[in-house]
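Report on the following structure.
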Amino acid sequence: MSQTNFLDEIQEINLAYLLLAQRLLDEDREAAMFRLKIDSDVADLIVSLSARQLTKLARTSQLLCRFSQMSAERLRQLTDNPRDQGLAGLHASLLLAGETFEPMPAEDTK
């Protein structure tokens, strides 16, 4: 797969993620902020973006979404779950909900 294809796919994922984030925030703001692990300032900004702004933001070469699981061990707990399939979804939700929100550091305005 060529580098251009990777960039196209990243941009598609970014746009889908931003559109989903906007829709989630419109339907249930508090639940969306919890699921997306964003604060109210970021939520306000995402909701206020126009289609043109969303497209422009999506055209970056970096993924805007990221794994909320910072440790490989936490990912293993989600993927190698020996629990009954009926409880696996609940267990995964509890593990994911336990992740703390870490806001991005403020930029110095010097």
Side-chain angles (χ1 to χ4, degrees):
M1 187 173 263
S2 73
Q3 188 69 14
T4 304
N5 288 343
F6 283 132
L7 292 177
D8 289 343
E9 289 182 19
I10 287 171
Q11 291 170 4
E12 285 180 37
I13 291 169
N14 284 343
L15 185 57
Y17 175 74
L18 289 167
L19 291 170
L20 175 62
Q22 271 191 334
R23 197 172 87 218
L24 289 170
L25 288 163
D26 283 339
E27 290 180 13
D28 186 347
R29 180 182 172 85
E30 296 302 318
M33 287 171 49
F34 177 75
R35 287 184 175 131
L36 296 168
K37 302 217 184 310
I38 59 174
D39 62 19
S40 62
D41 291 335
V42 174
D44 290 340
L45 182 61
I46 290 172
V47 168
S48 72
L49 293 174
S50 67
R52 183 177 181 196
Q53 290 170 315
L54 283 174
T55 304
K56 184 177 180 181
L57 184 57
R59 286 190 180 146
T60 182
S61 62
Q62 299 294 315
L63 282 172
L64 297 175
C65 57
R66 65 177 181 90
F67 284 108
S68 62
Q69 311 307 316
M70 290 285 101
S71 71
E73 181 56 34
R74 185 59 63 103
L75 283 174
R76 276 190 208 91
Q77 290 173 346
L78 291 171
T79 58
D80 297 332
N81 187 354
R83 289 180 171 72
D84 175 35
Q85 289 297 47
L87 298 176
L90 177 61
H91 182 249
S93 294
L94 290 171
L95 285 173
L96 291 168
E99 290 295 310
T100 58
F101 169 71
E102 295 179 22
M104 295 192 64
E107 293 182 21
D108 291 335
T109 56
K110 293 181 181 178

Self-check item: Gap separating the OH atom of Tyr17 from the CD1 atom of Ile46, nearest 0.5 angstrom
Solution: 6.0 Å
Practice problem: Could you state whether Leu15 and Ile10 fall into the same hydrophobic cluster, counting links through intermediate Ile, Leu, Val, Met, Phe, Trp or Tyr residues with side-chain heavy atoms under 4.5 angstrom apart? | Solution: no
Self-check item: Euclidean distance, Gln11 CD relative to Leu64 CG, rounded to 0.5 Å
Solution: 10.0 Å
Quiz prompt | Leu36-Ile13 co-clustered via ILVMFWY side chain contacts under 4.5 Å | solution = no
Quiz prompt | Side chain Glu27, main chain Ala32, donor-acceptor under 3.5 Å | solution = no
Quiz item: Do the side chains of Leu63 and Glu9 get nearer than 4.5 Å, heavy atoms only?
Solution: no
Exercise. Taking the side chain as every heavy atom from C-beta outward, state whether Ile38 and Leu25 have any atom pair closer than 4.5 Å.
Key: yes
Exercise. Might you confirm whether atom CZ of Arg29 has over 12 heavy atoms from other residues, nucleotides or ligands at distances under 6.0 Å?
Key: yes
Quiz item: To the nearest 0.5 Å, what is the distance between CG (Leu18) and CD (Gln53)?
Solution: 11.0 Å
Quiz item: Quick check: does any side chain N or O of Asn14 sit under 3.5 Å from a backbone N or O of Gln62, one acting as donor and the other as acceptor?
Solution: yes
Exercise. Is it possible for you to say whether Leu20 and Val42 belong to one hydrophobic cluster, with membership spreading through side-chain heavy-atom contacts below 4.5 Å?
Key: yes
Quiz prompt | Value rounded to 0.5 Å, distance of CE in Met33 from CG in Asp41 | solution = 8.5 Å
